[in-house]
Amino acid sequence: MGQNNNFQLTGIERIKFAVENLADGLRFANDWGLTEVEADQEDSHLFVAVDGSQIEIVLADSTRPDRTPIGNSSGMCEVTWGVQSFAGIEALVAELATDREVSIENGVLRCQDDLGINLAFRIAQRQSVPYAVTQFNAPGQPKRVNSRAPMYKKAAPHEISHLAIGVDNAGEAIRFYTDRLGFIVSDRYADRGVFLRCSIEGNHHHVFFMNGKQPGTRFNHLAFKVRDIHEVIGGGQFIDAQGWKTFAGPGRHRVSSACFWYFLTPFGGAWEYAADEDIVTEEWESTDFAAEAHIFSEWTFGLEKSDGTLKGPISQSKAEELKS
Ligand SMILES: [Fe+2]
C-alpha cells in the first residue's frame, strides 16, 4: 500500500495534449495567457504558466502511443506529477514495479495507471513567483486604501490547479490513486465523482474523477489558478472575444469555493480559469455532497441551456453509485 509521505507528491507538473488541429491548439494556449517556450521534445510545442507548470502540445498520431490521446481524437496523452526528491521517485518505483512496467529516463519515471492513462513522475520544477496579492475592501475592514483594484486585459495563469477525468466508475478509478499512491479524498459529489488531492496539505484537489456519461476514460477539463476573480472575468472576456465558446461560467463552485469560467478547447475537453480555491490540511473534513441539480455551483451565469439541461461538467456526468 502506498504511503503518501514517502512519495512526496506535490501536484501536476505537466500535461501533454495530442490534438487533431495543431494550429487551433497553439492559438488557444496563447489566447489563454500561457507563454510558449523552447520545446524539449521533437515536433512538440511547450507552454508554461507563471510558476513553470507545463503544457505540451503535439499533433495527434495514432501510429505513436506517446501521441495518441486517451478517449477522444484530441485529448490528453500524459500526466506528469511532481515529487519533492529523488527518494520519492525511488519509493514510487518500488511500489509501482510490483505489478506494472515502469521505466526511468532522465530522472523521469513512467508507467500507466489502472485506466491506461500514461503517468510520469519527476522532481518538481514548479516555482511560485511572488506578486502583489489583490487586497479587498470589506465593510469596516478596508485592506486596499488609495489604490485601485487590478484590471486584466488577458489572463496570465499562475499554475495548473487540477485535472478532471471522465471514467466509467469514479469509485473504482480512484482506487489506484488512493491505495497505491496515497491520494486523499477531499470531497465527493454523492453518486457523481470524487475529488482527490495528492498531498495532505495544499490544494483542495489535484484530480477529479467523475462518472462519465460516455463510456470509457477521457479528458474532461484542466483548471489553472489565476490571481483573483477579476482575472477570471478579465481573462474569460478576452478568450470570449477571440471567438472561443464558453463551456460553463462565470460562476462559483460549491465544492472548493472557486470562482470559475470554463471554455471549450481544441484539446477534447474544457480549460478552466479558477480563483480562490480552498486550501486544506489534515484537519479538512471530507464531505459527501448530496446529488442535486445545482451541486456543480453556488451560482453560474447561463447554467441552464434553453432545453432546461445544465451546462458544465455535471452535464457530462451520470448518476451511478461510486463503487469504492
Ligand atoms: Fe474544475
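Here the structure is a predicted model, which means the values were calculated and not measured. Only this structure's heavy atoms are used, side chains among them; waters, hydrogens and symmetry mates stay out.
- With hydrogens and angles left out, the side-chain atoms of Asp187 and His204 include a donor and acceptor closer than 3.5 Å.
- In this structure, the ring pair (Phe, Tyr, Trp, His ring centres under 6.0 Å) partners of His158, at least two apart in sequence or on a different chain, are Tyr131.
- Put simply, CG on Leu26 and CG on Asp31 are 11.0 Å apart, with the number rounded to the nearest 0.5 Å.
- The side-chain hydrogen bond (donor to acceptor under 3.5 Å, both in side chains) pairs that include a residue from residues 141-154 are Tyr152-Asp228, where partners are two or more places apart or lie in different chains.
- Hydrophobic cluster membership is shared by Ile123 and Leu9, with clusters built from Ile, Leu, Val, Met, Phe, Trp and Tyr side chains linked at under 4.5 angstrom.
- Across Asp43 and Val58, no two heavy atoms sit closer than the pair O-CG1, 3.8 Å.
- Of the N and O atoms on the side chains of Arg197 and Ser186, at least one donor lies less than 3.5 Å from an acceptor on the other residue.
- When every heavy atom of Asp113 is checked against every heavy atom of Leu115, the shortest pair comes out as OD1-N, 2.8 Å.
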With side chain to side chain contact (heavy atoms under 4.5 Å, CB included) as the criterion, how do His206 and Ser161 come out once you've worked through the C-alpha distance, each side chain's angles and the decisive distance to 0.1 Å?
CA-CA 6 Å; His206 296 101; Ser161 170; over 6 Å; no
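- Applying the salt bridge (charged side-chain N to carboxylate O under 4.0 Å, His left out) test to Glu320 and every residue at least two apart in sequence or in another chain returns Lys318.
- For Glu231 against Pro157, the heavy-atom pair with the smallest separation is OE2-N, 4.5 Å.
- In this structure, Asn169 CG and Arg175 CZ are separated by 8.0 Å, a value rounded to the nearest 0.5 Å.
- Residue pairs that meet the salt bridge (charged side-chain N to carboxylate O under 4.0 Å, His left out) test with at least one member in residues 272-286, sequence neighbours left out, are Lys225-Glu277.
- No path of Ile, Leu, Val, Met, Phe, Trp and Tyr side chains, each step under 4.5 Å between heavy atoms, connects Val50 with Ile12, placing them in separate hydrophobic clusters.
- Residues meeting the salt bridge (charged side-chain N to carboxylate O under 4.0 Å, His left out) test with Asp99, sequence neighbours left out: Arg180.
- To the nearest 0.5 Å, the span separating CG on Asn6 from CG on Leu181 amounts to 12.0 Å.
- Checked against the 6.0 Å centroid criterion, the rings of Phe121 and Phe7 do not qualify as a close aromatic pair.
- Between the CG atom in Leu46 and the NZ atom in Lys16 there is a gap of 11.5 Å [rounded to 0.5 Å].
- Taking the six-membered ring where the residue is Trp, the centroids of Tyr177 and Phe209 are separated by under 6.0 Å.
- Shown here for Pro69 and Gly75, the closest heavy-atom pair between the two residues is CB-N, 3.3 Å.
- Ring-centre distance between His162 and His205: below the 6.0 Å cut-off.
- Note on Leu119: it clusters hydrophobically with Phe86, by side-chain heavy-atom contacts below 4.5 Å among ILVMFWY residues.
- In this structure, OG on Ser74 lies 8.0 Å from CG on Asn21, to the nearest 0.5 angstrom.
- Applying the side-chain hydrogen bond (donor to acceptor under 3.5 Å, both in side chains) test to Glu36 and every residue at least two apart in sequence or in another chain returns His45.
- Summarising the geometry, atom CG belonging to Leu196 is positioned 7.0 Å from atom CZ belonging to Phe183; distances are rounded to the nearest 0.5 Å.
- With sequence neighbours excluded, the residues that form a side-chain contact (heavy atoms from CB on, under 4.5 Å) with Asn72 are Arg218.
- At distances below 3.5 Å, not a single donor-acceptor pair connects side-chain atoms of Ser317 with backbone N or O atoms of Arg192.
- When every heavy atom of Phe208 is checked against every heavy atom of Gly193, the shortest pair comes out as CE1-C, 3.6 Å.
- Both Leu59 and Ile57 belong to a single network of hydrophobic side chains, linked directly or stepwise wherever heavy atoms of I, L, V, M, F, W or Y lie under 4.5 Å apart.
- Considering only residues two or more places apart in sequence or on other chains, Pro142 meets the side-chain contact (heavy atoms from CB on, under 4.5 Å) condition with Asn137, Val145.
- Look at Arg110 and Glu101 and you find no salt bridge, because none of the NZ, NE, NH1 or NH2 atoms lies under 4.0 Å from a carboxylate O.
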- Message: For Phe195 and His253: C-alpha separation, side-chain torsions, deciding distance, then whether ring pair (Phe, Tyr, Trp, His ring centres under 6.0 Å) applies.
- Response: CA-CA 13 Å; Phe195 296 85; His253 286 304; 8.0 Å; no
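- Heavy atoms only, all atoms of each residue included: Cys259 and Ile229 are closest at SG-CD1, 3.6 Å.
- Checked against salt bridge (charged side-chain N to carboxylate O under 4.0 Å, His left out), Asp288 has the following partners two or more places apart in sequence or in another chain: Arg188.
- For Gln112 and Asn118, the side-chain atoms include at least one donor-acceptor pair closer than 3.5 Å.
- Partners of Ile104 according to the side-chain contact (heavy atoms from CB on, under 4.5 Å) rule, which considers only residues two or more places apart in sequence or in another chain, are Ile89, Val93, Leu109.
- Sorted by first and then second residue, the side-chain hydrogen bond (donor to acceptor under 3.5 Å, both in side chains) pairs with a member in residues 51-61 read Arg14-Gln54, Arg14-Glu56, Ser44-Glu56, Asp51-Ser53, Asp51-Arg126, Ser53-Arg126, Gln54-Arg122, Asp61-Thr63; sequence neighbours excluded.
- Under the 3.5 Å distance criterion, with hydrogens and angles disregarded, no donor-acceptor pair is assigned to the side chains of Asp240 and Thr246.
- Sequence neighbours left out, the pairs with a member in residues 9-29 that pass ring-ring contact (aromatic ring centres under 6.0 Å, His included) are Phe17-Phe219, Phe17-Phe267, Phe17-Trp271, Phe28-Trp32, Phe28-Trp244, Phe28-Trp271.
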